[in-house]
Amino acid sequence: MRYRQTLIPTLKQDPADAEVISHKLMVRAGMIRQIARGIYDFLPLGLRVVRKVEQIVREEMDRSGAQEILMPAICPAELWQESGRWDKYGKELLRMKDRYERDFCFGPTHEEVVTDIVRREVRSYRDLPMNLYQIQVKFRDEMRPRFGLMRGREFIMKDAYSFHVDADDCNREYEVMADTYKRIFQRCGLTTRPVESDTGAIGGRRAHEFQVLADSGEDAIVSCNKCEYAANVEKAEIGREQTTASGTTNPLRKVRTPEKRTIEEVSAFLAEPPERFIKTLLYVTNHGDTVAALLRGDHELSEIKLRTLLGAEWVALADAETVQKVTGADVGFAGPIGLRGRVVADQALQGIRAAVAGANETDFHYVDVDQARDFGSATFADLRLARTGDPCPRCDGGVFNGHRGIEVGNIFYLGTKYSEPMKATFLDAQGTERPMEMGCYGIGVTRTAAAAVEQNHDDNGIIWPLPLAPAHVHIVPVNWTDERMRGAAEKLYGDLRNAGIEVLLDDREERPGSKFKDADLLGIPFRVTIGGKGLDRGCFELKRRTDAAAQDMPVADAANQLTEMVRTGLST
RNA sequence: CGGGGUGUAGCGCAGCCUGGUAGCGCACCUGCCUUGGGCGCAGGGGGCCGCAGGUUCAAAUCCUGUCACCCCGACCA
């Protein structure tokens, strides 16, 4: 690549609308441009990075035995109606009509389409297992896209779907995919952590996310400091908690707490720490029930855990009117004592004494609440979000550390969630018709590129891992108008290209300072400076983007040495 | 969807309150100079001031509407 012939519109200043580092740097490096909310152009260098990720994904998926296909981006509504998701998916699904007024959607994921392929073409257990994948543009009309490529509405995704005769084989493939993902992200030069996750809207029984640890990540995860256990905070099981029981039992008292609604307000008003509070959240479920969820004042509810416990498809916080009806009080004064209806409580509340709770009467709270005495009939379960310091459920003595993460991949064990309603069945060896067991496996390709920048940058710009870099070597002649330098640069450029190395040659008649700044910004791993002083010594200067200092490299041997370094770097 | 903010040259911004010929830095073009970390000098081009209405002798500026983008929230009592 010659710089002058390539569209690389670098910017000196951060774009005004970028928040996170990957967004700022990718825009500044001239790799992407926003064209609409959550929708981006990929310019030449940005596209090259995306293609690198895709190619690594493709090679490893192929190696795992999966087959690449390409499904349509625009899908007919019928398939989505069949699975029931046409009505369930909500506004994230971009819907449209064709000229005949038929309904279509821009596929945000392709379970329906792939299941349709397989049910039509596969009849026998002899044809299974089968893993089909595609690398394709997806669209999800996110409520709030942000952070550049990290949470775009349009994005490139690798999505794979596997079909099996039974659960054992599906679980086997799940492990194969987990290994494949490990290799993919390793090859991308990314440090990822597989964490247990909720199965969410896609549905299914078992799921892991692959998280790139980064402070800017949108996901909160915890990992054990002693064992391998790691999970999304919404899903993480919490080990046995120390009892929060304390103090002697005093008679229940009702106290006046005018206008004090939040834990914070009441806590300050009564001079009691939040740990002594019982927080009462009223939820409604898709079954139309109202359920009270109790938590310790300093804890946060995991709606996912609540949903799972209740066996509900969704739960939502009750509105003020419902709260009024159920508690007889304004919002802010709900409590477990005297509350009608179902009550579920976080396990941390079991046995709590001398606690504070709403009195179900506007402007009043109870103090000296004793769980066993005052609301003994509640169901206890693990309901809260995990956080730093919580005990690990899988080992003895381990505690959680909290992290932020960027979810770059996920694997789901789906079971028969789609194969049953869509009748993707096969005949087993006994001639019995059975639904296929399914798994699905996604990787956010464009998000992976952004995550790589989040994980690899400094104050001067991007530091691409070699396998994802838009080029391997960046040649910077100090003065392009100097014939000696230009000649040496052209020679090295030609030699490296002949050796199969990807090179960016800065042939601009810019001052050296500008070229160095741009080189740092672009983040190509090997920079070769060609200058007068060096040439006098018969040398180029090699600077790795990761290093502060340059080293001499004899002109005669430069192409060979660089080729070797790139090959070594790519093979590890 | 609710709240807040911003739309002025390619990018980053000032001007708006208090109406009166549209500015700054960078980038761009020409020439000279310079060439090892975003040089210097001189000259120059570029704007339906997001869009549509309204008020006014006069609107980037005031009013109404609308569109786009950004931030916060959209559950935690």
Side-chain angles (χ1 to χ4, degrees), chain A residues 7 9-20 23-24 27-28 30 33-39 90-91 141-148 234 257 259-267 274 277-284 292-304 306-307 314-320 322-324 326-327 329-335 346 356-360 362 365 383-385 460-461 476-482 485-486 506 508-521 527 529-536 540-541 543 548 550:
Chain A
L7 180 62
T10 59
L11 266 27
K12 285 186 185 178
Q13 287 157 310
D14 282 339
D17 56 3
E19 285 269 301
V20 297
H23 187 192
K24 289 178 184 172
V27 171
R28 282 191 53 205
R33 287 291 186 260
Q34 182 174 124
I35 172 171
R37 188 180 156 82
I39 299 176
K91 288 194 171 176
D141 202 351
E142 294 276 352
M143 171 151 74
R144 223 186 124 188
R146 62 188 126 174
F147 302 155
E234 296 186 317
T257 52
E259 293 297 309
K260 308 296 181 204
R261 292 156 194 277
T262 65
I263 296 287
E264 214 175 26
E265 288 164 1
V266 184
S267 169
F277 280 69
I278 296 167
K279 177 154 65 180
T280 304
L281 306 176
L282 289 166
Y283 273 83
V284 292
L294 309 183
L295 291 160
R296 214 171 73 187
D298 58 323
H299 287 160
E300 291 182 88
L301 179 73
S302 163
E303 283 194 354
I304 284 168
L306 179 65
R307 203 175 62 201
W314 55 259
V315 296
L317 215 57
D319 59 27
T322 309
V323 171
Q324 177 70 243
V326 173
T327 68
D330 287 352
V331 167
F333 302 97
D346 184 64
V356 182
N360 297 321
T362 300
H365 279 76
L383 283 178
R384 67 184 181 88
L385 297 182
N460 297 315
V476 182
V478 166
N479 184 355
W480 186 250
T481 57
D482 180 289
M485 292 182 210
R486 193 171 65 213
D506 196 338
R508 295 175 301 170
E509 292 180 18
E510 291 287 332
R511 296 181 58 84
S514 304
K515 296 195 199 182
F516 291 143
K517 286 288 184 193
D518 279 337
D520 286 344
L521 185 56
R527 187 184 90 193
T529 307
I530 299 178
K533 295 177 213 158
L535 287 179
D536 290 342
F540 297 147
E541 287 151 63
K543 187 174 122 25

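Residue numbering restarts at 1 for every chain, and letters A, B, ... go by the order of the sequence lines.
One P atom belongs to B:rC62, the other to B:rU18, and the distance between them is 9 Å to the nearest Å. Look at the C1' atom in both B:rC70 and B:rC26: the space between them is 23 Å, to the nearest Å. Comparing the same atom, C1', in B:rC28 and in B:rC67 gives a spacing of 30 Å after rounding to whole Å. Using atom P as the reference point in both B:rG45 and B:rC29, the two lie 15 Å apart (nearest Å). B:rG5 and B:rG50 have their C1' atoms separated by 16 Å, given to the nearest Å. Straight-line distance between the P atoms of B:rG38 and B:rA27: roughly 12 Å, to the nearest whole Å. Separation of the C1' atoms belonging to B:rG2 and B:rU64 is 22 Å when rounded to the nearest angstrom. Rounded to whole Å, the separation between the P atoms of B:rG23 and B:rG44 comes to 14 Å.
Nucleotide B:rG7 forms a Watson-Crick or G-U wobble pair with B:rC67, both donor-acceptor distances falling under 3.5 Å. The pairing partner recorded for B:rC1 is B:rG73, the criterion being a Watson-Crick or G-U wobble arrangement whose two distances lie under 3.5 angstrom. In a base pair of the Watson-Crick type (N1 to N3 plus N6-O4 or O6-N4) or a G-U wobble (N1-O2 and O6-N3), with each distance short of 3.5 Å, B:rC24 is matched with B:rG12. Searching all strands for a Watson-Crick or G-U wobble partner of B:rC49 with both distances below 3.5 Å returns nothing.
Contact check on A:D298 versus A:K279 returns no salt bridge, with no Lys/Arg side-chain nitrogen under 4.0 Å from an Asp/Glu carboxylate oxygen.
Counting non-hydrogen atoms under 4.0 angstrom, A:E19 reaches the backbone sugars and phosphates but no base. The residue A:A293 sits apart from the nucleic acid: no heavy atom pair falls under 4.0 Å. Among the protein residues, A:L295 comes within range of no part of the nucleic acid, since none of its heavy atoms lies under 4.0 Å from any strand. Residue contacts for A:A16: at a heavy-atom cut-off of 4.0 Å it reaches the sugar-phosphate backbone alone, with no base atom in range.
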*Using a 4.0 Å heavy-atom cut-off, write out nucleotides 28-38 of chain B from 5' to 3' as B (base contacted by protein), S (sugar-phosphate only) or - (no contact).*
------BBBBB
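Atoms CD1 (A:I263) and P (B:rA77) sit 6 Å apart, rounded to a whole Å. Atom CZ in A:R37 sits about 14 Å away from atom C1' in B:rU6, given to the nearest Å. A straight line from CZ of A:R33 to P of B:rC69 spans 17 Å, rounded to a whole angstrom. Summarising the geometry, the separation between CD on A:Q13 and C1' on B:rG10 is reported as 12 Å, rounded to the nearest angstrom. What separates CG of A:D14 from P of B:rC13 is a distance of 10 Å, to the nearest Å. Regarding A:K91, its NZ atom lies at a distance of 6 Å from the P atom of B:rC1, rounded to whole Å. Rounded to an integer number of Å, the gap from CD of A:E142 to P of B:rC1 is 16 Å. Distance CD (A:E264) to C1' (B:rA77): 12 Å, rounded to an integer number of Å.
Between the side chain of A:T362 and the backbone N or O of A:D330 there is at least one donor-acceptor pair closer than 3.5 Å. Although no hydrogens or angles enter the test, the distance criterion places no donor-acceptor pair under 3.5 Å between the side chain of A:T322 and the main chain of A:A318.
Counting heavy atoms from C-beta outward, A:E234 and A:L385 have side chains that approach closer than 4.5 Å. Inter-residue side-chain proximity for A:T327 and A:L282 is flagged as met; some heavy-atom pair is nearer than 4.5 Å.
Rounding to the nearest 0.5 Å gives a distance of 9.0 Å between CG of A:D518 and CZ of A:R28.
Listed pair A:R146 / B:rC70 fails the phosphate criterion, with no side-chain N or O lying under 4.0 Å from OP1 or OP2.
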*asked:* Show, in sequence, the C-alpha distance, side-chain angles and deciding distance for A:L301 and A:R384, and conclude whether the side chain to side chain contact (heavy atoms under 4.5 Å, CB included) test is met.
replied: CA-CA 4 Å; A:L301 179 73; A:R384 67 184 181 88; over 6 Å; no
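For A:T262, the side-chain atoms get nearest to B:rA77 when compared with the rest of B:rC76, B:rG12, B:rA77.
Other residues, nucleotides and ligands contribute more than 12 heavy atoms inside 6.0 Å of the CD atom of A:E265.
When the ring-ring contact (aromatic ring centres under 6.0 Å, His included) test is applied to A:F333, the partners found at least two apart in sequence or on another chain are A:H365.
Position along RNA chain B of the nearest nucleotide to A:G38 versus A:L281 favours A:G38 as the more 5'-ward residue. Between A:F333 and A:P15, the residue anchored closer to the 5' end of RNA chain B is A:P15, taking for each the nucleotide with the nearest heavy atom.
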